[in-house]
Amino acid sequence: MSEEQEADVADDEEQTEVEDEATEGLQRGDFIRLDYTARTVEDGNVVDTTDPEVAEEEGLDEEEREFEPRTIVLGEGHIFENVEEDIIGEEIGHSGSTTIPAGEAFGEYDPDEVKTVSADKIPEDERYPGAHVNVDGDHGHVETIIGGRARVDFNHPLAGEEIEYDYEIVGEVEDRVEQAQGLISMFLDADLEMWIQTDEVEEETVVEPDEDDEDAEPETETETVEKETLYIESTPQLAMNQQWMFQKQQIAQNVMDQLGLDRVIIQETIEGGGMGPMGGMMGGGMGGADLEEALEDADVDEDEIVEELEETEGDAEE
């Protein structure tokens with residue numbers, strides 16, 4: 001082998017070693033559990049944290065949310081890109097700190113985003129300095145109100161702030177149900193029971209007619225297919241959650257895309273032993289005794305009701 005060939009082989013081996021090193025450790029697409037605290041560099045104010053001790057010190061625990069390591073997917077924009085780049089290639093247990101420039105965090109402060117608007121565009125109970133308001137679809141906070149004009153800052157409250165991000169990689173999430181729970185917890189603060197199972201489902205598929213038969217119409221046939229399904233047990237809190245009501249399609253689609261699922265089914269269980277019989281209310285009215293009790297409780301004179309009904313019937317006949 002010539003010296004030139006030996007040099008090429010050595011370069012190839014070196015390149016392979018570099019590539020192997022680059023793919024070691026955590027990579028994009030991995031689910032991890034991350035403990036972190038983000039603060040503004042200038043004032044040290046806590047922007048977000050998963051640490052219950054930090055939350056208690058800052059008085060954040062009064063918000064009645066759980067402070068615990070967060071499940072994220074690397075490469076999916078669940079955290080700042082600078083932090084992701086710091087984590088990729090590292091191992092479980094690694095801790096670090098990185099600073100996110102203002103422009104890559106919540107944006108640079110833009111003086112042009114401070115605007116004067118008519119006070120009539122702001123609800124009366126929000127017309128005071130510091131109030132967070134929505135004006136013409138934009139969110140901002142009121143700086144001053146003088147007469148019928150309001151000065152509103154539409155910059156993000158943290159615009160212009162550099163953010164220091166301290167973190168620790170506390171674990172990797174490999175169980176798919178835990179992965180689903182972690183993804184949903186990014187949108188909803190709810191403790192939901194869920195499981196994954198494969199179901200056999202009958203589906204109708206279109207059978208194309210023979211190309212030689214121009215008059216033939218497409219037909220359908222039923223076939224049994226397997227669908228991997230995430231089941232979520234609904235709760236009253238979930239059913240009344242506004243973010244879930246408006247975004248459940250997007251949330252479910254995100255989970256299906258990340259976990260390779262075919263569908264998500266939300267199911268509701270109603271247990272017995274609650275309220276007693278409804279007394280015929282759904283079937284045409286209360287019983288006589290129930291009606292008398294209801295009238296007494298409502299402090300209504302039944303004779304007056306009878307008179308009003310008779311007058312109504314008389315008017316209808318006329």
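Computation of the quantities below employed the complete heavy-atom set of this structure, encompassing side-chain atoms and omitting hydrogens, waters and symmetry-equivalent molecules. Keep in mind that this is a model prediction, so the values were computed, not measured.
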Q.
Count I, L, V, M, F, W, Y as connected when their side-chain heavy atoms are under 4.5 Å apart, and connections chain through other members. Are Val133 and Leu158 then in the same cluster?
A. no
Q.
Take a 6.0 Å sphere around CE of Met245 and say whether it holds more than 12 heavy atoms from other residues, nucleotides or ligands.
A. yes
Q | CD-CZ distance between Glu178 and Phe31, expressed to the nearest 0.5 angstrom | A | 11.5 Å
Q) Side chains of Leu192 and Gln181: closer than 4.5 Å at any heavy-atom pair? A) no
Q. To the nearest 0.5 Å, what is the distance between CD (Glu108) and CD (Glu113)?
A. 13.5 Å
**Q.** Candidate list Glu58, Glu57, Glu164, test salt bridge (Lys or Arg N to Asp or Glu O under 4.0 Å), partner Arg39, passing option
**A.** Glu58
Q. Would you call Asp199 and Arg263 a salt bridge, using N to O less than 4.0 angstrom?
A. yes
**Q.** Neighbour count >12 (heavy atoms, 6.0 Å) for atom CD, Glu223
**A.** yes
Q | Leu26 side chain near Ile92 side chain, heavy-atom distance below 4.5 Å | A | yes
Q) Is the number of heavy atoms from other residues, nucleotides or ligands within 6.0 Å of CD (Glu202) greater than 12? A) no
Q.
Test side chain to side chain contact (heavy atoms under 4.5 Å, CB included) on Glu162 and Ile100; report intermediate values, then the result.
A. CA-CA 6 Å; Glu162 290 187 329; Ile100 298 98; over 6 Å; no
**Q.** Atom of Glu143, atom of Pro129 and distance for their closest heavy-atom approach
**A.** O-CB, 3.4 Å
Q.
Other residues, nucleotides and ligands only: do more than 12 of their heavy atoms fall within 6.0 Å of CD on Glu81?
A. no
Q: For residues Met194 and Ile184, report the shortest heavy-atom separation together with the two atoms involved.
A: CE-CD1, 3.9 Å
Q: Can you see which heavy atom on Met186 is nearest to which on Ile72, and at what distance?
A: CE-CA, 3.5 Å
(Q) With a 6.0 Å cut-off (strictly less than), is the heavy-atom count around CD of Glu68, excluding the residue itself, greater than 12? (A) yes
Q) Are Val47 and Tyr109 co-members of a hydrophobic cluster defined by side-chain heavy atoms under 4.5 Å apart? A) no
Q) In terms of side-chain heavy atoms, does Thr71 have a donor or acceptor partner in Arg33 at a distance below 3.5 Å? A) no
Q | Working for side chain to side chain contact (heavy atoms under 4.5 Å, CB included), residues Glu233 and Thr269 | A | CA-CA 8 Å; Glu233 187 72 29; Thr269 301; 2.5 Å; yes
**Q.** Point-to-point distance, once rounded to the nearest 0.5 Å, from CD1 of Ile32 to CZ of Arg70
**A.** 10.5 Å
**Q.** Shortest non-hydrogen separation from Val255 to Ala180 and the atoms involved
**A.** CG1-CB, 4.3 Å
Q: Please answer: with hydrophobic residues joined when any side-chain heavy atoms are less than 4.5 Å apart, are Val46 and Val41 in the same cluster?
A: no
Q. If you measure from the Lys or Arg side-chain nitrogens to the Asp or Glu carboxylate oxygens, is any gap between Glu228 and Arg176 under 4.0 Å?
A. yes
Q. For Asn134, does the CG atom have more than 12 heavy-atom neighbours from other residues, nucleotides or ligands under 6.0 Å away?
A. yes
Q: I would like to know whether Phe106 and Glu161 meet side chain to side chain contact (heavy atoms under 4.5 Å, CB included); could you show each step before the answer?
A: CA-CA 7 Å; Phe106 299 98; Glu161 295 275 8; 5.9 Å; no
Q) Would Gln253 and Asp257 count as having a side-chain donor-acceptor pair, cut-off 3.5 Å? A) yes
Q: Test side chain to side chain contact (heavy atoms under 4.5 Å, CB included) on Ile232 and Ile265 and set out the steps.
A: CA-CA 6 Å; Ile232 301 176; Ile265 293 180; over 6 Å; no
Q) What distance separates Leu74 CG from Ile79 CD1, expressed to the nearest 0.5 Å? A) 6.0 Å
Q. Under 30°, 30 to 60°, or over 60°: which ring-plane class applies to Tyr165 and Tyr36, parallel, tilted or perpendicular?
A. parallel
Q.
Ignoring hydrogens, what is the shortest heavy-atom contact between Phe67 and Thr49? Give both atom names and the distance.
A. CD2-O, 3.5 Å
Q: Scan side-chain atoms only and decide if Asp35 and Thr50 contain a donor-acceptor pair under the 3.5 Å cut-off.
A: yes
Q. Do Val152 and Asp138 come close enough that some side-chain heavy atom pair is under 4.5 Å?
A. no
Q. From Asp120 CG over to Arg149 CZ, what is the distance, rounded to the nearest 0.5 angstrom?
A. 9.5 Å
Q) How many angstroms lie between CD1 in Ile146 and OG1 in Thr116, if you round to the nearest 0.5 Å? A) 9.0 Å
Q) Honestly curious: do Val83 and Val170 fall in one hydrophobic cluster under the side-chain, below-4.5 Å linking rule? A) no
**Q.** Test item: Asn155 side-chain N/O and Asp110 main-chain N/O as donor-acceptor pair under 3.5 Å
**A.** yes
Q) Is any side-chain heavy atom of Gln267 closer than 4.5 Å to a side-chain heavy atom of Ser234? A) no
Q: Indicate if Val135 and Ile145 have the same hydrophobic cluster label, given that clusters are the connected sets of ILVMFWY residues with side-chain heavy-atom separations under 4.5 angstrom.
A: yes
Q: May I ask you to test the Glu193-Thr235 pair for a side-chain heavy-atom distance under 4.5 Å?
A: no
Q: Could you verify whether a donor N or O on one side chain and an acceptor N or O on the other, from Asp86 and Tyr167, lie under 3.5 Å apart?
A: yes
Q) Are any of the side-chain heavy atoms of Glu66 and Ser185 separated by less than 4.5 Å? A) no
Q: Identify which one of Val264, Val177, Asp175, Thr229 satisfies the side chain to side chain contact (heavy atoms under 4.5 Å, CB included) criterion when paired with Ile196.
A: Val177
Q.
Taking the side chain as everything from C-beta on, heavy atoms only, tell me whether Ile169 gets closer than 4.5 Å to Leu34.
A. yes
Q | Minimum-distance pair of heavy atoms, taken over all atoms of Asp262 and Glu226 | A | OD2-O, 4.0 Å
(Q) Quick one, Tyr231 and Gln197 - any side-chain contact, counting heavy atoms below 4.5 Å? (A) yes
